[in-house]
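Only one structure is covered here, and it is reproduced in the block below.
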Amino acid sequence: MGKALIIGAGGVASVVVHKCCEVPDVFEEICIASRTKSKCDALKDKLDGGRTKIQTAQVDADNVPELVALINEFKPDIVINVALPYQDLTIMDACLETNVDYLDTANYEPLDTAKFEYKWQWAYKEKFEQAGITALLGSGFDPGVTGVFSAYALKHYFDEIHTIDIVDANAGDHGYPFATNFNPEINIREITANGRYYENGEFIETEPLEVKRVYDLPEIGPKDVYLLYHEELESLAKNITGVNKIRFWMTFSEKYLMHLRVLENVGMTSIEPIEFEGQQIVPLQFLKAVLPDPASLGPRTKGKTNIGCIYQGTKDGEPKTYYVYNICDHQECYREVGSQAISYTTGVPAMIGAMMMLTGKWKKPGVFNIEEFDPDPFMDALNKYGLPWHEDFNPTLID
Ligand code: NDP
(Lines give C-alpha, C1' and ligand atoms only; values in the text may rest on other atoms or scores of the structure.)
Protein backbone atom coordinates (compact mmCIF):
# COMPACT_ATOMS: atom_id res chain seq x y z
CA MET A 1 0.00 0.00 0.00
CA GLY A 2 2.68 2.53 0.87
CA LYS A 3 6.19 3.66 1.71
CA ALA A 4 7.27 5.28 4.97
CA LEU A 5 10.44 7.20 5.71
CA ILE A 6 11.23 6.78 9.42
CA ILE A 7 13.59 9.45 10.78
CA GLY A 8 15.50 8.55 13.97
CA ALA A 9 16.92 5.21 15.10
CA GLY A 10 16.54 5.43 18.88
CA GLY A 11 14.28 3.69 21.40
CA VAL A 12 10.97 4.78 19.86
CA ALA A 13 12.10 4.30 16.24
CA SER A 14 13.09 0.72 17.02
CA VAL A 15 9.51 -0.06 18.14
CA VAL A 16 8.03 1.77 15.11
CA VAL A 17 10.17 -0.31 12.75
CA HIS A 18 9.22 -3.60 14.49
CA LYS A 19 5.54 -2.68 14.33
CA CYS A 20 5.57 -1.48 10.68
CA CYS A 21 7.07 -4.85 9.72
CA GLU A 22 4.07 -6.52 11.40
CA VAL A 23 1.76 -4.84 8.87
CA PRO A 24 3.46 -5.41 5.50
CA ASP A 25 0.22 -4.88 3.56
CA VAL A 26 0.28 -1.24 4.71
CA PHE A 27 4.03 -0.69 5.08
CA GLU A 28 5.37 -2.28 1.90
CA GLU A 29 8.65 -0.40 2.06
CA ILE A 30 10.36 1.56 4.78
CA CYS A 31 13.55 3.59 4.89
CA ILE A 32 15.17 4.09 8.32
CA ALA A 33 17.24 7.27 8.22
CA SER A 34 19.12 8.87 11.07
CA ARG A 35 22.24 10.77 12.05
CA THR A 36 24.13 7.57 12.89
CA LYS A 37 23.58 5.16 10.00
CA SER A 38 25.03 2.15 11.86
CA LYS A 39 22.02 2.26 14.22
CA CYS A 40 19.67 2.14 11.18
CA ASP A 41 21.65 -0.78 9.74
CA ALA A 42 21.47 -2.65 13.06
CA LEU A 43 17.68 -2.31 13.01
CA LYS A 44 17.54 -3.47 9.39
CA ASP A 45 19.70 -6.52 10.24
CA LYS A 46 17.29 -7.46 13.02
CA LEU A 47 14.14 -7.23 10.91
CA ASP A 48 15.12 -7.87 7.31
CA GLY A 49 13.71 -10.88 5.49
CA GLY A 50 10.01 -10.23 6.00
CA ARG A 51 7.55 -8.83 3.45
CA THR A 52 8.32 -5.20 4.33
CA LYS A 53 11.34 -4.12 2.29
CA ILE A 54 13.82 -2.16 4.41
CA GLN A 55 16.52 0.28 3.37
CA THR A 56 18.62 2.69 5.42
CA ALA A 57 20.18 6.11 4.95
CA GLN A 58 22.25 8.69 6.75
CA VAL A 59 20.58 12.06 7.20
CA ASP A 60 21.03 15.19 9.28
CA ALA A 61 17.43 16.11 10.02
CA ASP A 62 18.44 19.67 10.95
CA ASN A 63 19.33 20.19 7.29
CA VAL A 64 16.33 20.77 4.98
CA PRO A 65 18.15 20.27 1.61
CA GLU A 66 19.52 16.91 2.85
CA LEU A 67 16.04 15.83 3.89
CA VAL A 68 14.54 16.97 0.59
CA ALA A 69 17.17 15.03 -1.37
CA LEU A 70 16.45 11.87 0.65
CA ILE A 71 12.67 12.25 0.23
CA ASN A 72 13.05 12.79 -3.52
CA GLU A 73 15.20 9.71 -3.78
CA PHE A 74 13.06 7.32 -1.66
CA LYS A 75 9.69 8.88 -2.59
CA PRO A 76 7.78 8.00 0.60
CA ASP A 77 4.03 8.51 1.10
CA ILE A 78 4.65 9.59 4.69
CA VAL A 79 7.52 10.78 6.89
CA ILE A 80 7.42 9.44 10.47
CA ASN A 81 9.50 11.76 12.65
CA VAL A 82 10.82 9.90 15.68
CA ALA A 83 14.06 11.87 15.96
CA LEU A 84 14.08 14.63 18.60
CA PRO A 85 11.60 17.52 19.06
CA TYR A 86 14.31 19.93 17.81
CA GLN A 87 13.91 18.54 14.26
CA ASP A 88 10.11 18.95 13.89
CA LEU A 89 10.18 22.17 11.87
CA THR A 90 12.96 21.23 9.46
CA ILE A 91 11.22 17.94 8.69
CA MET A 92 7.90 19.75 8.20
CA ASP A 93 9.66 22.17 5.82
CA ALA A 94 11.06 19.25 3.82
CA CYS A 95 7.59 17.63 3.65
CA LEU A 96 6.15 20.87 2.33
CA GLU A 97 8.83 21.12 -0.34
CA THR A 98 8.19 17.55 -1.51
CA ASN A 99 4.41 17.29 -0.87
CA VAL A 100 4.58 14.37 1.57
CA ASP A 101 2.46 13.73 4.69
CA TYR A 102 4.09 14.20 8.12
CA LEU A 103 3.71 12.62 11.58
CA ASP A 104 5.51 13.15 14.91
CA THR A 105 5.22 12.25 18.61
CA ALA A 106 6.39 15.39 20.41
CA ASN A 107 5.96 19.13 19.86
CA TYR A 108 8.75 21.32 18.51
CA GLU A 109 11.16 22.66 21.11
CA PRO A 110 13.77 25.32 20.38
CA LEU A 111 17.22 24.03 21.39
CA ASP A 112 17.93 26.89 23.77
CA THR A 113 14.62 26.95 25.73
CA ALA A 114 12.54 24.13 27.19
CA LYS A 115 9.20 25.41 25.88
CA PHE A 116 6.30 23.02 25.38
CA GLU A 117 4.08 24.89 22.94
CA TYR A 118 2.33 24.06 19.68
CA LYS A 119 2.45 27.61 18.29
CA TRP A 120 5.39 26.99 15.95
CA GLN A 121 3.80 23.92 14.37
CA TRP A 122 0.24 25.29 14.31
CA ALA A 123 1.67 28.21 12.29
CA TYR A 124 2.20 25.71 9.40
CA LYS A 125 -1.55 25.02 9.07
CA GLU A 126 -2.22 27.18 6.03
CA LYS A 127 0.90 26.01 4.20
CA PHE A 128 -0.11 22.36 4.66
CA GLU A 129 -3.68 23.16 3.56
CA GLN A 130 -2.42 24.85 0.42
CA ALA A 131 -0.08 21.95 -0.35
CA GLY A 132 -2.97 19.49 0.18
CA ILE A 133 -0.96 17.40 2.67
CA THR A 134 -1.60 16.22 6.23
CA ALA A 135 0.52 16.78 9.34
CA LEU A 136 -0.48 14.67 12.35
CA LEU A 137 1.06 16.07 15.55
CA GLY A 138 1.68 14.04 18.70
CA SER A 139 0.96 10.42 17.76
CA GLY A 140 2.68 8.79 20.76
CA PHE A 141 0.99 7.87 24.04
CA ASP A 142 0.97 11.17 25.88
CA PRO A 143 0.52 13.15 23.71
CA GLY A 144 -1.20 10.71 21.39
CA VAL A 145 -3.41 7.99 22.82
CA THR A 146 -4.55 10.43 25.55
CA GLY A 147 -6.03 12.62 22.75
CA VAL A 148 -7.62 9.61 21.01
CA PHE A 149 -9.13 8.53 24.37
CA SER A 150 -10.57 12.05 24.77
CA ALA A 151 -12.12 12.11 21.29
CA TYR A 152 -13.54 8.62 21.90
CA ALA A 153 -15.03 9.58 25.28
CA LEU A 154 -16.68 12.64 23.74
CA LYS A 155 -17.98 10.73 20.72
CA HIS A 156 -19.46 7.78 22.60
CA TYR A 157 -20.14 8.64 26.23
CA PHE A 158 -20.57 12.36 26.83
CA ASP A 159 -22.53 15.33 25.53
CA GLU A 160 -20.04 17.53 27.35
CA ILE A 161 -16.72 16.78 29.03
CA HIS A 162 -15.93 19.19 31.86
CA THR A 163 -12.82 17.71 33.49
CA ILE A 164 -9.93 15.59 32.20
CA ASP A 165 -7.29 14.08 34.50
CA ILE A 166 -4.48 12.32 32.64
CA VAL A 167 -2.63 9.87 34.90
CA ASP A 168 0.72 8.50 33.74
CA ALA A 169 2.09 5.84 36.09
CA ASN A 170 5.27 3.87 35.69
CA ALA A 171 5.70 1.17 38.32
CA GLY A 172 8.71 -0.30 36.55
CA ASP A 173 11.73 -1.18 38.67
CA HIS A 174 15.18 -1.32 37.03
CA GLY A 175 16.99 -2.18 40.24
CA TYR A 176 19.23 0.92 40.31
CA PRO A 177 18.91 3.39 43.21
CA PHE A 178 18.53 6.22 40.64
CA ALA A 179 18.21 6.24 36.85
CA THR A 180 15.88 7.91 34.36
CA ASN A 181 13.78 6.02 31.81
CA PHE A 182 14.61 8.41 29.03
CA ASN A 183 17.17 11.14 28.31
CA PRO A 184 18.16 12.27 31.87
CA GLU A 185 18.70 15.87 30.79
CA ILE A 186 15.19 16.22 29.32
CA ASN A 187 13.61 14.19 32.13
CA ILE A 188 15.18 16.24 34.93
CA ARG A 189 14.43 19.54 33.17
CA GLU A 190 10.75 18.55 32.87
CA ILE A 191 10.41 17.56 36.53
CA THR A 192 12.23 20.53 37.98
CA ALA A 193 10.12 22.98 35.92
CA ASN A 194 7.01 24.66 37.33
CA GLY A 195 3.75 22.67 37.15
CA ARG A 196 0.78 24.05 35.20
CA TYR A 197 -2.85 23.07 34.69
CA TYR A 198 -5.82 24.41 32.75
CA GLU A 199 -8.85 25.84 34.49
CA ASN A 200 -11.66 28.08 33.22
CA GLY A 201 -9.86 29.30 30.13
CA GLU A 202 -6.41 29.90 31.63
CA PHE A 203 -3.28 28.06 32.69
CA ILE A 204 -2.44 28.17 36.39
CA GLU A 205 1.19 27.74 37.52
CA THR A 206 2.34 25.78 40.55
CA GLU A 207 5.76 25.31 42.12
CA PRO A 208 7.60 22.22 40.79
CA LEU A 209 5.96 19.07 42.24
CA GLU A 210 3.91 21.23 44.63
CA VAL A 211 0.61 19.39 44.06
CA LYS A 212 0.54 15.73 45.07
CA ARG A 213 -2.24 13.16 45.43
CA VAL A 214 -2.36 9.41 46.00
CA TYR A 215 -4.19 7.45 43.31
CA ASP A 216 -4.98 3.73 43.37
CA LEU A 217 -4.24 2.51 39.84
CA PRO A 218 -5.58 -0.76 38.43
CA GLU A 219 -2.92 -3.54 38.48
CA ILE A 220 -0.39 -1.14 39.99
CA GLY A 221 -1.89 -0.08 43.32
CA PRO A 222 -1.75 3.22 45.20
CA LYS A 223 0.93 5.61 43.98
CA ASP A 224 1.98 9.19 44.66
CA VAL A 225 1.03 11.25 41.61
CA TYR A 226 2.37 14.77 41.02
CA LEU A 227 0.89 17.53 38.89
CA LEU A 228 3.11 18.46 35.91
CA TYR A 229 2.59 20.44 32.72
CA HIS A 230 2.35 18.34 29.55
CA GLU A 231 1.93 19.53 25.98
CA GLU A 232 -1.43 17.88 25.23
CA LEU A 233 -3.09 20.19 27.77
CA GLU A 234 -2.78 23.00 25.20
CA SER A 235 -4.37 21.12 22.30
CA LEU A 236 -7.09 19.41 24.38
CA ALA A 237 -8.11 22.79 25.86
CA LYS A 238 -8.56 24.01 22.29
CA ASN A 239 -10.16 20.93 20.72
CA ILE A 240 -12.41 19.39 23.40
CA THR A 241 -15.18 21.97 23.42
CA GLY A 242 -16.68 22.74 26.81
CA VAL A 243 -13.81 21.36 28.90
CA ASN A 244 -13.01 23.63 31.83
CA LYS A 245 -10.32 21.74 33.74
CA ILE A 246 -7.41 19.57 32.51
CA ARG A 247 -4.61 18.26 34.69
CA PHE A 248 -1.67 15.91 34.04
CA TRP A 249 -0.35 13.63 36.80
CA MET A 250 2.80 11.52 36.84
CA THR A 251 4.08 9.03 39.42
CA PHE A 252 7.44 9.42 41.16
CA SER A 253 8.68 7.30 44.04
CA GLU A 254 9.92 8.88 47.26
CA LYS A 255 13.33 7.30 46.56
CA TYR A 256 13.55 8.94 43.12
CA LEU A 257 12.58 12.34 44.47
CA MET A 258 15.01 12.07 47.40
CA HIS A 259 17.90 11.47 44.99
CA LEU A 260 16.71 14.31 42.78
CA ARG A 261 16.52 16.72 45.76
CA VAL A 262 20.05 15.86 46.84
CA LEU A 263 21.38 16.26 43.29
CA GLU A 264 19.61 19.63 43.03
CA ASN A 265 20.88 20.78 46.43
CA VAL A 266 24.51 20.04 45.56
CA GLY A 267 24.20 21.76 42.17
CA MET A 268 24.40 18.68 39.93
CA THR A 269 21.21 19.50 38.01
CA SER A 270 22.38 22.99 37.02
CA ILE A 271 22.63 23.84 33.32
CA GLU A 272 25.07 26.73 33.98
CA PRO A 273 28.57 25.81 32.73
CA ILE A 274 31.32 25.69 35.38
CA GLU A 275 35.11 25.59 35.13
CA PHE A 276 36.58 22.19 36.09
CA GLU A 277 40.28 21.40 35.74
CA GLY A 278 40.66 23.97 32.98
CA GLN A 279 37.54 22.84 31.10
CA GLN A 280 33.99 24.18 30.91
CA ILE A 281 31.43 21.55 31.89
CA VAL A 282 27.66 21.65 32.40
CA PRO A 283 26.84 19.83 35.67
CA LEU A 284 23.62 18.28 34.30
CA GLN A 285 25.45 16.96 31.23
CA PHE A 286 28.15 15.49 33.47
CA LEU A 287 25.42 13.88 35.60
CA LYS A 288 23.92 12.39 32.44
CA ALA A 289 27.31 10.87 31.61
CA VAL A 290 27.57 9.10 34.98
CA LEU A 291 23.97 7.85 35.17
CA PRO A 292 22.96 4.52 33.58
CA ASP A 293 22.16 4.82 29.86
CA PRO A 294 18.33 4.64 29.55
CA ALA A 295 18.72 2.16 26.67
CA SER A 296 20.46 -0.26 29.05
CA LEU A 297 17.44 -0.42 31.38
CA GLY A 298 15.28 -2.52 29.01
CA PRO A 299 16.47 -5.99 29.98
CA ARG A 300 16.39 -5.23 33.72
CA THR A 301 13.10 -3.34 34.08
CA LYS A 302 10.26 -5.29 35.70
CA GLY A 303 6.72 -4.12 36.39
CA LYS A 304 3.99 -2.26 34.55
CA THR A 305 2.93 1.13 33.28
CA ASN A 306 -0.64 2.37 33.47
CA ILE A 307 -1.55 5.47 31.46
CA GLY A 308 -5.11 6.69 31.13
CA CYS A 309 -7.64 9.49 31.37
CA ILE A 310 -10.44 10.12 33.86
CA TYR A 311 -13.35 12.18 32.55
CA GLN A 312 -16.21 13.99 34.26
CA GLY A 313 -19.07 15.54 32.34
CA THR A 314 -22.69 15.06 31.40
CA LYS A 315 -24.78 12.79 29.19
CA ASP A 316 -28.48 13.44 28.58
CA GLY A 317 -28.41 16.02 31.35
CA GLU A 318 -27.04 13.56 33.96
CA PRO A 319 -23.55 13.70 35.51
CA LYS A 320 -21.24 10.99 34.19
CA THR A 321 -17.71 9.72 34.87
CA TYR A 322 -15.45 7.49 32.74
CA TYR A 323 -11.89 6.16 33.02
CA VAL A 324 -10.05 4.57 30.09
CA TYR A 325 -6.50 3.26 30.44
CA ASN A 326 -3.84 0.93 29.08
CA ILE A 327 -1.58 -1.32 31.14
CA CYS A 328 1.73 -2.32 29.64
CA ASP A 329 4.26 -4.80 31.05
CA HIS A 330 7.93 -3.82 30.67
CA GLN A 331 9.18 -7.40 30.35
CA GLU A 332 6.53 -8.43 27.82
CA CYS A 333 7.51 -5.43 25.66
CA TYR A 334 11.14 -6.40 25.97
CA ARG A 335 10.39 -9.98 24.91
CA GLU A 336 8.37 -8.78 21.92
CA VAL A 337 10.50 -5.96 20.51
CA GLY A 338 13.61 -5.61 22.71
CA SER A 339 12.49 -2.31 24.33
CA GLN A 340 10.91 -1.37 27.64
CA ALA A 341 7.34 -0.08 27.94
CA ILE A 342 8.17 3.64 27.66
CA SER A 343 9.42 3.27 24.07
CA TYR A 344 6.75 0.65 23.29
CA THR A 345 3.82 2.82 24.37
CA THR A 346 5.15 5.61 22.10
CA GLY A 347 6.21 3.54 19.08
CA VAL A 348 2.99 1.54 18.69
CA PRO A 349 0.74 4.66 18.41
CA ALA A 350 3.22 6.23 15.97
CA MET A 351 2.87 3.20 13.69
CA ILE A 352 -0.93 3.23 14.09
CA GLY A 353 -1.14 6.96 13.27
CA ALA A 354 0.90 6.36 10.11
CA MET A 355 -1.35 3.41 9.24
CA MET A 356 -4.45 5.64 9.63
CA MET A 357 -2.93 8.11 7.18
CA LEU A 358 -1.60 5.59 4.65
CA THR A 359 -4.94 3.76 4.51
CA GLY A 360 -6.72 7.08 3.91
CA LYS A 361 -8.80 6.86 7.13
CA TRP A 362 -7.17 10.02 8.46
CA LYS A 363 -6.46 12.29 5.57
CA LYS A 364 -7.26 15.99 5.30
CA PRO A 365 -5.08 18.92 4.31
CA GLY A 366 -3.67 20.90 7.21
CA VAL A 367 -1.92 20.49 10.57
CA PHE A 368 -3.89 18.53 13.16
CA ASN A 369 -3.61 17.21 16.68
CA ILE A 370 -4.70 13.64 17.08
CA GLU A 371 -8.02 14.32 18.86
CA GLU A 372 -9.25 16.08 15.68
CA PHE A 373 -9.66 12.76 13.82
CA ASP A 374 -12.23 9.95 14.18
CA PRO A 375 -10.94 7.91 17.16
CA ASP A 376 -12.73 4.62 16.36
CA PRO A 377 -10.31 2.97 13.90
CA PHE A 378 -7.35 4.01 16.07
CA MET A 379 -8.99 2.53 19.21
CA ASP A 380 -9.55 -0.77 17.34
CA ALA A 381 -5.93 -0.79 16.20
CA LEU A 382 -4.65 -0.23 19.77
CA ASN A 383 -6.34 -3.50 20.80
CA LYS A 384 -4.91 -5.30 17.80
CA TYR A 385 -1.30 -4.06 17.89
CA GLY A 386 -0.34 -4.42 21.55
CA LEU A 387 -1.93 -1.64 23.60
CA PRO A 388 -5.36 -2.93 24.67
CA TRP A 389 -7.46 -0.54 26.73
CA HIS A 390 -9.87 -0.99 29.63
CA GLU A 391 -12.87 1.03 30.75
CA ASP A 392 -14.29 1.88 34.17
CA PHE A 393 -17.61 3.72 34.38
CA ASN A 394 -17.38 4.36 38.11
CA PRO A 395 -13.77 5.43 38.75
CA THR A 396 -12.38 7.04 41.86
CA LEU A 397 -11.94 10.73 41.07
CA ILE A 398 -8.95 12.93 41.87
CA ASP A 399 -10.01 15.88 44.08
P1 NDP B 1 16.37 8.62 21.32
O2 NDP B 1 17.27 9.66 21.91
O3 NDP B 1 16.46 7.21 21.74
O4 NDP B 1 16.47 8.63 19.70
C5 NDP B 1 16.49 9.81 18.94
C6 NDP B 1 17.03 9.46 17.57
O7 NDP B 1 17.01 10.65 16.77
C8 NDP B 1 18.47 8.97 17.60
O9 NDP B 1 18.59 7.87 16.72
C10 NDP B 1 19.25 10.18 17.10
O11 NDP B 1 20.43 9.89 16.39
C12 NDP B 1 18.27 10.77 16.12
N13 NDP B 1 18.60 12.16 15.86
C14 NDP B 1 18.82 13.16 16.75
N15 NDP B 1 19.15 14.29 16.10
C16 NDP B 1 19.14 14.00 14.78
C17 NDP B 1 19.40 14.76 13.61
N18 NDP B 1 19.74 16.04 13.66
N19 NDP B 1 19.30 14.12 12.42
C20 NDP B 1 18.96 12.82 12.33
N21 NDP B 1 18.70 12.07 13.41
C22 NDP B 1 18.79 12.64 14.61
O23 NDP B 1 14.88 9.18 21.59
P24 NDP B 1 13.53 8.33 21.72
O25 NDP B 1 13.49 7.30 20.66
O26 NDP B 1 13.34 7.95 23.13
O27 NDP B 1 12.45 9.47 21.41
C28 NDP B 1 12.08 9.82 20.07
C29 NDP B 1 10.99 10.87 20.09
O30 NDP B 1 9.84 10.38 20.78
C31 NDP B 1 11.38 12.17 20.82
O32 NDP B 1 10.91 13.26 20.07
C33 NDP B 1 10.62 12.08 22.12
O34 NDP B 1 10.33 13.36 22.65
C35 NDP B 1 9.35 11.37 21.67
N36 NDP B 1 8.61 10.72 22.77
C37 NDP B 1 7.25 10.87 22.79
C38 NDP B 1 6.48 10.27 23.79
C39 NDP B 1 4.99 10.34 23.73
O40 NDP B 1 4.32 9.60 24.46
N41 NDP B 1 4.39 11.18 22.93
C42 NDP B 1 7.12 9.50 24.88
C43 NDP B 1 8.55 9.32 24.71
C44 NDP B 1 9.26 9.95 23.70
P45 NDP B 1 21.79 9.43 17.12
O46 NDP B 1 21.60 7.96 17.29
O47 NDP B 1 22.87 9.79 16.17
O48 NDP B 1 21.85 10.18 18.43
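First listed ligand is number 1; within each ligand, the first listed atom is number 1. Computed from heavy atoms alone, side chains included, the values below leave out hydrogens, waters and symmetry copies.
- The protein heavy atom nearest to atom 12 (C) of ligand 1 is S34 OG, 3.5 Å.
- Near A83, the atoms of ligand 1 lying under 4.0 angstrom from a non-hydrogen atom of the residue are 7 (O), 28 (C), 29 (C), 31 (C), 32 (O).
- At a threshold of 4.5 Å between side-chain heavy atoms, the hydrophobic network of Ile, Leu, Val, Met, Phe, Trp and Tyr places I307 and W389 in one connected group.
- At the top of the distance list for atom 46 (O) of ligand 1, counting protein heavy atoms only, stands K39 NZ, 2.6 Å.
- Contact atoms of ligand 1 toward T36: 45 (P), 46 (O), 47 (O) (distance under 4.0 Å to a heavy atom of the residue).
- On a distance-only criterion, F141 and ligand 1 share at least one N/O pair closer than 3.5 Å.
- Note on R261 versus E264: no salt bridge recorded, every NZ/NE/NH1/NH2 to OD/OE distance being 4.0 Å or above.
- Atoms of ligand 1 found under 4.0 Å from any heavy atom of V59 (numbered from 1 in listed order, with element): 19 (N), 20 (C).
- The V82 neighbourhood of ligand 1 comprises atoms 28 (C), with distances under 4.0 Å to a heavy atom of that residue.
- The CD1 atom of I80 sits 7.0 Å away from the CG atom of L358 when rounded to the nearest 0.5 Å.
- Checking D168 against H230 by side-chain atom types alone, no donor-acceptor pair falls below 3.5 Å.
- Using a cut-off of 4.0 Å between Lys/Arg side-chain N and Asp/Glu carboxylate O, D173 and K302 are scored as not salt-bridged.
- The heavy-atom pair separating T134 from K364 by the smallest distance is OG1-O, 2.9 Å.
- For L84, no nitrogen or oxygen atom sits less than 3.5 Å from a nitrogen or oxygen atom of ligand 1, counting backbone and side chain alike.
- The atoms of ligand 1 that sit less than 4.0 Å from any heavy atom of G11 are 3 (O), 25 (O).
- Taking any N or O of V12, backbone or side chain, at least one lies under 3.5 Å from an N or O belonging to ligand 1.
- The existence of a salt bridge linking K155 and D376 is confirmed by a sub-4.0 Å separation between a basic side-chain nitrogen and an acidic carboxylate oxygen.
- Short contacts between ligand 1 and Q87, defined as distances under 4.0 Å to a heavy atom of the residue, involve ligand atoms 14 (C), 15 (N), 16 (C), 17 (C), 18 (N).
- Dense packing is recorded around NZ of K363, with more than 12 heavy atoms of other residues, nucleotides or ligands lying under 6.0 Å away.
- Taking CG from N326 and SG from C328, the interatomic distance works out to 5.5 Å, rounded to the nearest 0.5 Å.
- Only side-chain heavy atoms of T346 come within less than 4.0 Å of ligand 1; its backbone N, CA, C and O stay farther off.
- The shell of residues lying under 4.0 angstrom from ligand 1, judged by heavy atoms, includes P85.
- Taking the charged nitrogens against the carboxylate oxygens, E160 and K320 have no contact shorter than 4.0 Å, which rules out a salt bridge.
- Short contacts between ligand 1 and A106, defined as distances under 4.0 Å to a heavy atom of the residue, involve ligand atoms 32 (O), 34 (O).
- Looking only at protein heavy atoms, the nearest one to atom 41 (N) of ligand 1 is T105 O, 2.9 Å.
- Shortest contact from atom 21 (N) of ligand 1 to any protein heavy atom: R35 N, 3.2 Å.
- Regarding atom 9 (O) of ligand 1, its nearest protein heavy-atom neighbour is A9 N, 2.9 Å.
- Under the 4.0 Å criterion applied to side-chain N and carboxylate O atoms, K53 and D48 are not assigned as salt-bridge partners.
- In terms of polar-atom proximity, defined here as any N/O pair under 3.5 Å, A61 does make such a contact with ligand 1.
- Ligand 1 has a nitrogen or oxygen under 3.5 angstrom from a nitrogen or oxygen of G10.
- Under the side chain to side chain donor-acceptor pair (under 3.5 Å) test applied with Q121, the options D104, N369, N107 reduce to a single match, D104.
- Residue S343 places no heavy atom under 4.0 Å from ligand 1.
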